[in-house]
Amino acid sequence: MVRNYFKIAIRNILKFRLYSCINIIGLAVGIACCIAIMLFIRDELSYDGYNEHADQVYRPVFFATFNGREIRSAMSPAPMGAAISHDLPEVAAYARMHYEGSCVIRYQNKTFVEQKFLWADSTLFDLFTLPFVAGDPKTALTQPNTVVITESTARKYFGGDNPIGQILNRDKQTEYTVTGVIKDVPQNSHFHPDFIGSLTTLQDSRDPNWLSNNYFTYFLLKKGTNPKEFEHKINKELAAHAGPQLRAVTGVSLEQFLSAGNKVGYVLQPLTSIHLNSHLQYELEQNGNISTVYIFSAIAVAILLIACINFVNLATARSEKRAKEVGIRKALGSPRSHLVWQFMAESILMSGAAVILAVGIVELLLPLFNGTADKKLSLNLLSDPWSVPLLAGFAIVVGVIAGTYPALYLSSFRPVEVLKSEKRRGGRESFLRNGLVVFQFAVSIVLFIGTLVSYNQLKYVQTRDLGFDREECVVISRTEDLSSRIQSFEHELRENQDIVSVSNSSAVPGRQWGDSGFWLEGTGADKLVDLQTMSSDLDFAKTYRLQMAGGRFFSKEHPSDTAAVVVNEEVARLFGMKDIVGKCLVLPLGNAGNTRAETKKLEVVGVVKDFNYHSLHEPIRPLVIGLMPDTSAGSFVTLRLAPGNHLNTISFIEKVWKEYAGNEEFNFNSLDNSLQELYTADQRTSKIAGAFSILAIFIACLGLMGLAAFITERRTKEIGIRKVLGATVPEVIALLTAQFAKWVLIANVIAWPLAYFIMNKWLQNFAYRTEMSLWIFVASGVMALIIALLTVSAHAVKAATANPVESLRYE
Amino acid sequence: MIKLTAIEKYYENRVIKTYVLRDINLEVKKGEFVSVMGPSGSGKTTLLNIIGMLDAPSNGEYYFLDEPVHAMNEKKLTELHKTYIGFVFQSYHLIDELTVYENLETPLLYQKVSANERKGRVAETLDRFNIVAKKDLFPNQLSGGQQQLVAIARAVIAEPKLILADEPTGNLHSDQGKEVMELLKELNKQGTTIIQVTHSESNAAYGKRVIKLNDGWIDK
């Protein structure tokens with residue numbers, strides 16, 4: 001019986017080649033998209049799951065509101081881990097990590113700038129599954145000045161030599177003995193250290209201060225612990241430990257502070273949710289985004305639905321061709337259920353063929369997808385025992401989704417009707433079929449609009465006036481090691497006439513900035529606000545071409561500027577003051593050991609107009625700029641170059657750098673480039689979504705083409721009669737295409753509000769966004785219409801130009 | 001074997017009721033060969049479809065082997081129809097995508113006949129109808145007469161008690177037609193009940209009884 005079904009199915013597939021090709025290719029492309037997206041999503045969801053205790057590890061993160069401004073940081077205070085695990089029995093283990101940016105590592109004559117040097121407690125390996133290839137995880141990080149490195153780092157520095165016991169130098173300041181080598185950290189981890197130094201090396205790790213958050217803390221909770229209750233207990237502990245320190249430093253008690261409307265607390269993040277759901281200040285690495293997962297899932301479902309709809313539409317449109325067989329089989333005694341199974345088997349066979357083709361497409365195009373998505377996905381057909389059964393299951397599910405309605409529809413034919421005569425059943429317009437085509441086009445138009453809106457927005461963020469001049473600027477990083485020599489370094493650069501201006505600062509736009517709590521003189525610590533902080537030399541405003549809104553920038557003529565600050569407009573707004581120049585900000589200094597409140601007063605001498613120093617995802621935060629002391633150097637030197645060819649100037653800069661920094665690496669980038677890099681993740685998502693939108697349209701058109709073929713074929717007689725009655729060719733073409741045009745227009749009506757709603761949500765990701773102008777919607781609609789008409793016109797022209805005598809002969 | 005009492009069939013729309021069959025009372029005994037005659041539109045085919053359980057009457061009672069067909073559910077109907085009834089159509093109605101062999105095999109598949117027995121019975125039938133050489137051809141590779149031969153072979157392969165033939169010779173020229181009629185007569189002799197619908201007096205003469213239909217009424 002089953003063999004009989006498959007035989008018929010295969011003969012049908014071969015007999016109606018156009019129909020089968022459209023179905024199989026459409027399904028295959030849809031399934032290939034789905035597989036690629038599922039691989040992507042599986043990877044995104046698998047982050048940190050490789051850890052044996054993944055479901056028991058939690059990270060407390062800092063959520064606070066100071067005077068109405070939210071602060072959300074991934075870090076927590078140094079003493080928290082030890083105190084909590086001492087006080088609360090739920091903690092099985094804890095480990096802290098600390099990161100301080102890039103560094104230079106030297107080994108004999110090898111020197112590399114390293115981005116991924118972390119410090120961690122020796123217990124790190126109890127929480128995270130990082131297998132050792134050499135050394136003992138129990139003792140590797142217990143001593144100061146020890147470091148554990150990854151296998152590839154070991155190869156990079158020591159080649160084939162035994163790394164254990166070798167000594168690495170960090171920034172010419174500290175020496176670390178290698179005590180362990182771990183396997184490279186899996187790609188699906190939210191942190192990827194190359195070096196893990198022992199945290200006891202750092203004096204600061206023993207700081208009892210609960211008021212500053214500088215460490216990433218992870219708790220391994222005992223099985224069965226309720227994380228909500230644990231979070232509650234942590235916050236109780238916070239009050240007990242931080243309260244007295246707050247009073248000591250600021251003179252304000254925690255109760256007073258909180259009753260002024262401020263909020264402070266820690267929120268517990270499950271380890272496995274960090275990658276997709278945590279977007280805080282000071283993350284260890286740039287995390288993924290759950291909304292990307294949602295967007296891609298939606299696209300995968302949409303594409304698969306479009307492909308399945310093709311199947312449904314073509315199967316029902318050509319149902320006349322199968323009606324006779326259904327009638328005969330019923331007359332021969334087939335129950336309806338057998339027919340349902342027969343047609344199901346046929347659609348599963350088709351989707352099986354499509355899955356095989358799809359696997360080929362995926363294998364072929366996955367490298368391209370990986371390149372765009374910055375992933376290392378692979379199908380692992382042979383090595384993953386699950387992949388083949390999963391794909392087979394997928395084929396069955398798709399076959400059932402696509403085949404159920406056609407099977408029920410086809411098997412419902414009554415033999416009396418279909419066997420009555422040789423005449424084919426009149427081509428009734430199916431409401432469902434039209435509805436499904438409208439749906440396909442509505443989805444395609446939504447994807448079109450989405451692509452255009454995101455393209456527009458990304459163009460906007462790259463060209464918007466940021467409040468400073470980003471052109472013709474280059475930034476040298478890691479200049480802090482020049483320390484006091486920075487003055488003469490800058491001086492030498494200024495000598496070159498192609499260098500317009502030079503400025504040294506602790507931060508530049510697009511990088512992480514620091515923050516600190518301040519209050520306005522005359523108020524108290526309960527009016528504390530969190531402000532972004534940086535320090536710069538005298539020329540920062542000049543180099544970046546910042547505009548002053550009031551007062552002045554730092555200058556040589558005012559020696560007292562060492563105790564002065566310049567703020568942005570947002571600060572004035574925050575304190576609710578029109579004119580903040582001349583007022584003083586108070587910065588609490590003391591460390592927790594002090595019993596007396598110690599503060600520093602800083603006079604506001606100027607207000608710069610707001611400028612976007614973070615990505616446009618975020619609103620401009622209030623900013624305090626302090627003056628850099630002469631004796632120390634900030635991490636960045638920004639140079640404004642004269643317009644023209646910069647090549648000579650840059651080699652000059654490099655030459656001067658070599659003079660001052662010796663063989664330290666020369667790290668420089670144009671300011672514009674480094675700002676563009678803020679949006680790579682967005683661009684990636686937009687590119688992938690765009691590619692999938694095009695595929696969705698392609699599949700929809702494939703279906704439309706098939707449908708057009710059947711509909712025009714069915715209307716051959718009508719066209720013949722019309723032509724005999726005097727209709728011209730253009731009139732007939734118009735008649736045939738009008739129907740499709742109508743569908744696309746209806747699809748637009750559905751798609752526009754839907755697209756507006758979805759993209760409006762997406763744009764909320766950006767603090768600064770473009771308007772969704774009407775032309776995007778109109779353009780998408782017109783584009784869909786043109787594509788649809790081009791698709792159907794081939795058949796329409798063929799039918800319209802046919803000789804009516806031919807088509808009427810057999811009637 | 002068949003007993004129809006006061007069978008009516010009509011189609012209804014909002015305005016009018018169109019009658020196809022009116023007050024049909026008919027009894028067919030086991031082993032009979034009945035010819036149904038009448039002009040176009042007199043309801044012959046509808047009557048045959050009702051007897052063959054492909055169509056349901058609007059009113060009236062139908063007993064097949066003393067079982068009330070009018071009161072049966074779909075499943076029971078299919079069961080009864082596939083066990084006892086074979087069809088022969090004017091336009092053959094073979095499945096185009098299947099070979100002669102596979103067409104013959106199909107009714108047996110629905111009766112859950114085992115693979116071995118199926119093979120045997122198909123071979124036997126091919127032999128009996130002298131079409132062994134054609135077993136791997138598709139219907140469109142056969143002449144009309146050959147196709148009808150296959151269709152009759154397919155109708156009898158399941159050894160039905162009743163064969164319903166709707167103008168079996170309508171699309172054939174006279175020599176082929178005669179052959180088909182002889183075949184039906186032979187089957188009848190072997191005990192199969194046959195009801196045929198026909199236009200032609202000469203074909204009707206093969207039957208032992210003729211029923212004339214006119215505008216849905218049986219001529220008395």
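Quick caveat: nothing in here was measured; it's all calculated off a predicted structure. Letters A, B, ... are given to chains in the order of the sequence lines, protein chains preceding strands, and every chain is numbered from 1.
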K.L.:
Are more than 12 heavy atoms, taken from residues, nucleotides or ligands other than A/Lys15, located less than 6.0 Å from that residue's NZ atom?
P.N.:
yes

K.L.:
Rounded to the nearest 0.5 Å, what separates atom OG1 in B/Thr78 from atom NE2 in A/His338?
P.N.:
10.0 Å

K.L.:
Kindly indicate whether the side chain of A/Asn12, heavy atoms from C-beta on, has any atom under 4.5 Å from the side chain of B/Glu97.
P.N.:
yes

K.L.:
When rounded to the nearest 0.5 angstrom, what distance separates CD1 in A/Ile8 from OG1 in B/Thr106?
P.N.:
7.0 Å

K.L.:
If you measure from CD1 on B/Ile95 to CZ on A/Arg322, what distance do you get to the nearest 0.5 Å?
P.N.:
9.5 Å

K.L.:
At a heavy-atom separation under 4.5 Å, does B/Phe138 approach chain A through its side chain, its backbone, both, or neither?
P.N.:
side chain

K.L.:
Has B/Asp215 got more than 12 heavy atoms of other residues, nucleotides or ligands less than 6.0 Å from its CG?
P.N.:
no

K.L.:
Enter the distance from B/Asp55:CG to A/Arg414:CZ here, rounded to the nearest 0.5 Å.
P.N.:
5.0 Å

K.L.:
With chain A, which of B/Asp166, B/Leu94, B/Leu164 has the greatest number of heavy-atom pairs at distances under 4.5 Å?
P.N.:
B/Leu94

K.L.:
Start with the C-alpha distance between A/Arg336 and B/Lys75, add both sets of side-chain angles, then the distance that settles side-chain contact (heavy atoms from CB on, under 4.5 Å), and finish with yes or no.
P.N.:
CA-CA 9 Å; A/Arg336 184 172 176 193; B/Lys75 209 176 155 195; over 6 Å; no

K.L.:
Heavy-atom count around B/Gln190 CD within 6.0 Å, excluding the residue itself: above 12?
P.N.:
yes

K.L.:
With a 4.5 angstrom heavy-atom cut-off, which part of B/Asn49 approaches chain A: side chain, backbone, both or neither?
P.N.:
side chain

K.L.:
Check this for me: A/Phe16, atom CZ, are more than 12 non-hydrogen atoms of other residues, nucleotides or ligands nearer than 6.0 Å?
P.N.:
yes

K.L.:
Closest heavy-atom contact between A/Gly333 and B/Tyr110?
P.N.:
O-CB, 4.0 Å

K.L.:
Kindly say whether A/Ala331 contributes a backbone atom to a donor-acceptor pair with the side chain of B/His81 at under 3.5 angstrom?
P.N.:
yes

K.L.:
So which heavy atom on A/Lys324 is nearest to which on B/His93, and how close?
P.N.:
CE-ND1, 3.5 Å

K.L.:
Do A/Glu325 and B/Asp96 have side chains that get closer than 4.5 Å, going by heavy atoms?
P.N.:
no

K.L.:
Which atoms form the tightest heavy-atom contact between B/Leu54 and A/Pro415, and what is the distance?
P.N.:
CD2-CG, 3.7 Å

K.L.:
Decide if atom CG of B/Asp66 counts as having more than 12 heavy atoms of other residues, nucleotides or ligands within a radius under 6.0 Å.
P.N.:
no

K.L.:
What part of A/Arg329 gets within 4.5 angstrom of chain B, counting heavy atoms only: side chain, backbone, both, or neither?
P.N.:
both

K.L.:
Please report the shortest heavy-atom distance between A/Ile328 and B/Arg154, naming the atom on each side.
P.N.:
CG2-NH1, 3.4 Å

K.L.:
Atom CZ of residue position A/Phe698 - does it have more than 12 heavy atoms of other residues, nucleotides or ligands inside 6.0 Å?
P.N.:
no

K.L.:
For B/Asn13, is the CG atom crowded, meaning more than 12 foreign heavy atoms sit under 6.0 Å from it?
P.N.:
yes

